[in-house]
Amino acid sequence: KKCDIIVFMKKVIFILILLFFVGCTHLEKNTFTPVPEILNRGFAFEPGDILILKKKMNFHSEFGHSALVLEGGRVAEYPAYGYGYVEVGLNEWLEYCSSREIAILRAPLSDKQKIEFMQLIEEYSTSKYGVFNRKFGTEEFYCSSFVWRIYYDLGFDLDKDFKFLVLPYDFFKSEYLKKVKMQETN
């Protein structure tokens, strides 16, 4: 069908664009921590924390993944086609990702920004999943575009290079975020 060919061509173009823009990402050696280590040590998460899953060598995980920690020990994300917005318990999310490694990034949010953060989560939770959205669009999101848009609306542009796509590893380059180390726990 003509429609199937168009969808296939969009996917091919998207993959080529991703490969062109991703390039090599060089991170510190100890950037990621195994999820079981975080679970065993009782890490102190805060609302607004950005969770970055380490890349894996398969198509679905080749670019990593990002999600946001909410109030009440919850996680918000746009995980994949067919799901849209998903909100689950933090421990459930970590258990699901227990075979992965994770990095936690944190921005200095004021009390006012923390309130606005939750309002933005609610506002954008009705969008659908999509990777062909405009960078500044809000009709559809993928994992890292959702994180980027929430923080952009809070006054933090976490990806200032104006690429077509925002990928999870782009957040490591942001001047607004710091990696939270394991020893910074309660």
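Along the sequence shown, residues are numbered consecutively beginning with 1. Any value given below was found using the heavy atoms of this structure, including those in side chains, with hydrogens, waters and symmetry copies removed.
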Practice prompt. Kindly write out the residues that satisfy ring-ring contact (aromatic ring centres under 6.0 Å, His included) with Phe141, not counting sequence neighbours, or none if the list is empty.
Written response: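 Only Tyr78, Tyr124, Phe146 meet the ring-ring contact (aromatic ring centres under 6.0 Å, His included) criterion with Phe141.
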Minimum heavy-atom distance [X]-[Y], with the two atoms named:
X      : Y      : result
Ile52  : Ile50  : CD1-CG2, 3.7 Å
Leu68  : Gly48  : CD2-O, 4.2 Å
Leu154 : Gln113 : O-NE2, 3.1 Å

For residues [X] and [Y], determine if any side-chain heavy atom of one lies less than 4.5 Å from a side-chain heavy atom of the other.
X      : Y      : value
Tyr169 : Lys54  : yes
Lys178 : Leu105 : no
Cys143 : Pro168 : yes
Glu140 : Ser127 : no
Asp153 : Phe117 : no
Tyr151 : Leu109 : yes
Ser66  : Phe171 : yes
Leu70  : Val75  : no

Worksheet item: Hey, would you say the Phe45 and Phe43 ring centroids sit under 6.0 Å apart?
Response: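 Under 6.0 Å, so yes.
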Item to complete: Would you please indicate if the ring centroids of Tyr152 and Phe136 are separated by under 6.0 Å?
Response: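 Yes; Phe136 has its ring centre under 6.0 Å from that of Tyr152.
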Item to complete: Please say which of Gln119, Met118, Lys112 ends up in a side chain to side chain contact (heavy atoms under 4.5 Å, CB included) with Ile115.
Response: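 Only match with Ile115 under side chain to side chain contact (heavy atoms under 4.5 Å, CB included): Gln119.
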Discussion item. As a test of understanding, state which of Leu177, Val69, Ile38, Thr33 forms a side chain to side chain contact (heavy atoms under 4.5 Å, CB included) with Ile104.
Written reply: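 Of the listed options, the one satisfying the test is Ile38.
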Distance, nearest 0.5 Å, that separates [atom1] of [X] from [atom2] of [Y]:
X      : Y      : atom1 : atom2 : answer
His65  : Ile102 : NE2   : CD1   : 9.5 Å
Cys97  : Leu39  : SG    : CG    : 10.0 Å
Arg100 : Leu51  : CZ    : CG    : 12.0 Å

Worksheet entry | Asn40 side chain vs Glu37 backbone, donor-acceptor pair below 3.5 Å |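 Judged by distance alone, no pair lies under 3.5 Å.
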Worksheet item: Would a distance-only check, ignoring hydrogens and angles, find a side-chain to backbone donor-acceptor pair under 3.5 Å from Arg149 to Thr138?
Response: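 It does not hold such a pair.
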Discussion item. Looking at Lys128 and Glu139, is there a salt bridge between them, counting it only when a charged N and a carboxylate O are closer than 4.0 Å?
Written reply: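 A salt bridge is absent here (no side-chain N lies under 4.0 Å from a carboxylate O).
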Worksheet entry | Glu77: which of Tyr83, Tyr129, Tyr85, Trp93 passes side-chain hydrogen bond (donor to acceptor under 3.5 Å, both in side chains) |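 Result: among Tyr83, Tyr129, Tyr85, Trp93, Trp93 is the only option passing the side-chain hydrogen bond (donor to acceptor under 3.5 Å, both in side chains) with Glu77.
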Fill in: Asp157/Trp148 under side chain to side chain donor-acceptor pair (under 3.5 Å): CA gap, chis, key distance, verdict
CA-CA 7 Å; Asp157 187 351; Trp148 176 82; 2.8 Å; yes
